[in-house]
2 protein chains.
Amino acid sequence: MQKKPEKIIDLNVYKMLSDEIRLKIIKLLINGEKNVSDIINNFNIDQPLISHKLRELRENGLLISYRSGKNIIYKISDKSLINIIKITEIAGNKIDKICNCVECNE
Amino acid sequence: MQKKPEKIIDLNVYKMLSDEIRLKIIKLLINGEKNVSDIINNFNIDQPLISHKLRELRENGLLISYRSGKNIIYKISDKSLINIIKITEIAGNKIDKICNCVECNE
DNA sequence: TTTTCATATGAATATTTATACATATAATTT
DNA sequence: AAATTATATGTATAAATATTCATATGAAAA
């Protein structure tokens, strides 16, 4: 009996956050839920592209959406995501300062 | 005077972690530094491919390498990375369980 | 009930990223 | 110094992902 190839669940989260537009949307929504028009107005990006990004984020569980009158509101699905963003910003700053030349690492 | 386009530092971290092989390497090295042969033996992946992945991780500051005799040893550059991995695994599990059908989110 | 506003979808193309394979380098052992 | 071991590099191709543009949908206002 073959072991079924395990799904790496966190890989999806990294994939979602590894696109500049998606990451910016997530960071924007950390400040609170927003409708699509508000999101579009925050960036200089075409509506259909934002819509595609929102769908990816929703389908992968990072965002949740609901309708409110004329608008669709998007919000972060789970606050643990906010932690990831904060911690990675700090880590990113440290990592970015590491010199990776050979001499510095002997 | 134009504002220079800001560099999103954490984006690189997410990009590095969003590849299955790179993520597996990082997770392996959380258990401690290893030389390249050891890393290769842990997976069923060609040597040049592992070598490319290691280079990407090193050039983006996630790994540090040094020579020890015949071998090159790779290790995680900063322990804050370990936090990211742990937290994202937990978050990933939560997010993965969220239903994103319309009805569930009204 | 037609028009408008807000958002989503599909599909073609462009761009980026991953992989494979041949070969190179550099330290080590013989 | 020749052969071996360990690792890296270059480049072509393949695969995945992002972007664009035209169009569709669906609720609300006129």
Side-chain angles (χ1 to χ4, degrees), chain A residues 5 7-8 11-26 28-29 33-60 62-75 100-106, chain B residues 5 7-8 11-26 28-29 33-60 62-75 100-106:
Chain A
K7 183 180 161 198
I8 305 182
L11 188 61
N12 266 319
V13 176
Y14 296 125
K15 282 190 176 165
M16 282 304 108
L17 299 177
S18 70
D19 173 80
E20 183 169 348
I21 296 173
R22 287 193 302 256
L23 182 58
K24 281 182 172 172
I25 291 173
I26 293 280
L28 178 67
L29 295 181
E33 60 180 35
K34 290 207 165 24
N35 65 42
V36 179
S37 302
D38 286 346
I39 296 170
I40 291 168
N41 290 333
N42 265 278
F43 310 114
N44 201 4
I45 297 169
D46 287 347
Q47 178 271 318
L49 181 51
I50 294 282
S51 196
H52 282 307
K53 300 297 183 183
L54 288 172
R55 180 156 59 89
E56 293 159 5
L57 288 167
R58 179 167 35 75
E59 287 184 346
N60 285 282
L62 280 77
L63 295 183
I64 281 172
S65 68
Y66 63 94
R67 176 176 287 274
S68 166
K70 286 205 290 187
N71 302 309
I72 307 285
I73 315 288
Y74 278 85
K75 65 178 178 186
N100 41 41
C101 82
V102 179
E103 296 77 37
C104 282
N105 292 296
E106 286 176 325
Chain B
K7 183 179 162 198
I8 304 183
L11 188 61
N12 267 320
V13 176
Y14 296 125
K15 282 191 175 164
M16 282 302 108
L17 299 177
S18 69
D19 173 80
E20 183 169 347
I21 296 174
R22 287 192 303 255
L23 182 59
K24 281 181 171 172
I25 291 173
I26 293 280
L28 178 67
L29 295 181
E33 60 181 34
K34 291 205 162 27
N35 65 41
V36 180
S37 303
D38 287 345
I39 296 170
I40 291 168
N41 291 333
N42 265 276
F43 310 114
N44 201 4
I45 298 169
D46 288 347
Q47 178 271 318
L49 182 51
I50 293 282
S51 197
H52 278 128
K53 301 296 182 185
L54 289 171
R55 180 156 60 87
E56 292 159 5
L57 288 166
R58 178 168 34 76
E59 287 185 346
N60 285 283
L62 280 76
L63 295 183
I64 282 172
S65 68
Y66 63 94
R67 176 176 287 275
S68 165
K70 286 205 288 188
N71 303 309
I72 308 286
I73 316 287
Y74 278 84
K75 65 177 178 187
N100 40 41
C101 82
V102 179
E103 295 75 36
C104 282
N105 292 297
E106 286 175 325

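So that the names make sense, note that chain A is the first sequence line, chain B the second, and so on, each numbered from 1.
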Asker: Under 3.5 Å, is there a donor-acceptor pair between the side chain of A:Asn41 and the main chain of A:Ser37?
Answerer: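 Between the backbone of A:Ser37 and the side chain of A:Asn41 there is a qualifying donor-acceptor contact (under 3.5 Å).
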Asker: As an exercise, state the distance from CD1 of B:Ile73 to CG of B:Asn35, rounded to the nearest 0.5 Å.
Answerer: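 Reported value, rounded in 0.5 Å steps: 5.0 Å.
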Asker: For B:Lys15, enumerate each residue passing the side-chain contact (heavy atoms from CB on, under 4.5 Å) test, keeping only those at least two apart in sequence or located in another chain.
Answerer: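 By the side-chain contact (heavy atoms from CB on, under 4.5 Å) rule, B:Lys15 matches A:Ser18, B:Leu11.
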Asker: Rounded to the nearest 0.5 Å, what's the gap from CD1 on B:Ile21 to CD1 on B:Ile26? Could you check?
Answerer: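 Reported to 0.5 Å precision, the distance equals 13.0 Å.
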Asker: Taking only residues two or more places apart in sequence or in another chain, which ones pass side chain to side chain donor-acceptor pair (under 3.5 Å) with B:Lys24?
Answerer: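 Applying side chain to side chain donor-acceptor pair (under 3.5 Å) to B:Lys24 gives B:Glu20.
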Asker: Tell me: NZ of A:Lys15 to C1' of C:dA18, nearest whole Å?
Answerer: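 For the pair A:Lys15 NZ and C:dA18 C1', the rounded distance is 11 Å.
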Asker: How many angstroms lie between CG in A:Leu63 and CZ in A:Arg55, if you round to the nearest 0.5 Å?
Answerer: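 Going from CG on A:Leu63 over to CZ on A:Arg55, the span is 13.5 Å.
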Asker: Let me know the distance between CD1 of A:Ile40 and C1' of D:dT20, rounded to the nearest Å.
Answerer: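 Those two atoms, CD1 and C1', are 15 Å apart.
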Asker: Is the backbone N or O of A:Gly69 less than 3.5 Å from a side-chain atom of A:Arg67, with the two atoms forming a donor-acceptor pair by type?
Answerer: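 Yes.
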Asker: Take atom CG of B:Asn12 and atom C1' of C:dT16, then tell me their distance rounded to the nearest Å.
Answerer: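 After rounding, the reported distance stands at 14 Å.
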Asker: In whole Å, I'd like the distance from the CG atom of B:Asn41 to the P atom of D:dA6.
Answerer: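 About 10 Å, once rounded to whole Å.
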Asker: Do any of residues 44-57 of chain A sit with a heavy atom less than 4.0 Å from DNA chain D, and if so which?
Answerer: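 Under 4.0 Å from DNA chain D: A:Pro48, A:Leu49, A:His52, A:Lys53.
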Asker: Could you tabulate the donor-acceptor pairs under 3.5 Å formed by side-chain atoms of residues 44-54 of chain A, not counting sequence neighbours?
Answerer:
| unit_1 | atom_1 | unit_2 | atom_2 | d |
| --- | --- | --- | --- | --- |
| A:Lys53 | NZ | A:Asp19 | OD1 | 3.3 |
| A:Lys53 | NZ | A:Asp19 | OD2 | 3.3 |

Asker: Nearest 0.5 Å, please: how far is OH in A:Tyr14 from CG in B:Leu23?
Answerer: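 Rounded to the nearest 0.5 Å, the CG-OH separation comes to 6.0 Å.
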Asker: Measure the spacing between CD1 of A:Ile25 and CG of A:Leu17 and express it to the nearest 0.5 Å.
Answerer: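 It is 11.5 Å, given to the nearest 0.5 Å.
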Asker: Between D:dA16 atom C1' and A:Asn60 atom CG, what is the distance in whole Å?
Answerer: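 Those two atoms, CG and C1', are 14 Å apart.
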Asker: Within this structure, what is the CE-CD distance for the pair B:Met16 and B:Glu56, rounded to the nearest 0.5 Å?
Answerer: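 Going from the CE atom of B:Met16 to the CD atom of B:Glu56 covers 5.5 Å.
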Asker: Please list, for nucleotides 1-6 of chain C, all pairs of protein and nucleotide N/O atoms separated by less than 3.5 Å.
Answerer:
| unit_1 | atom_1 | unit_2 | atom_2 | d |
| --- | --- | --- | --- | --- |
| C:dA6 | O3' | A:Asn71 | OD1 | 3.1 |

Asker: In residues 16-24 of chain A, what residues come within less than 4.0 Å of DNA chain C, judged by heavy atoms?
Answerer: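 Nothing qualifies; none.
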Asker: With a 4.0 Å limit, can you tell me whether A:Tyr66 has a side-chain N or O closer than that to the phosphate oxygens OP1/OP2 of C:dT7?
Answerer: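 No, outside the criterion.
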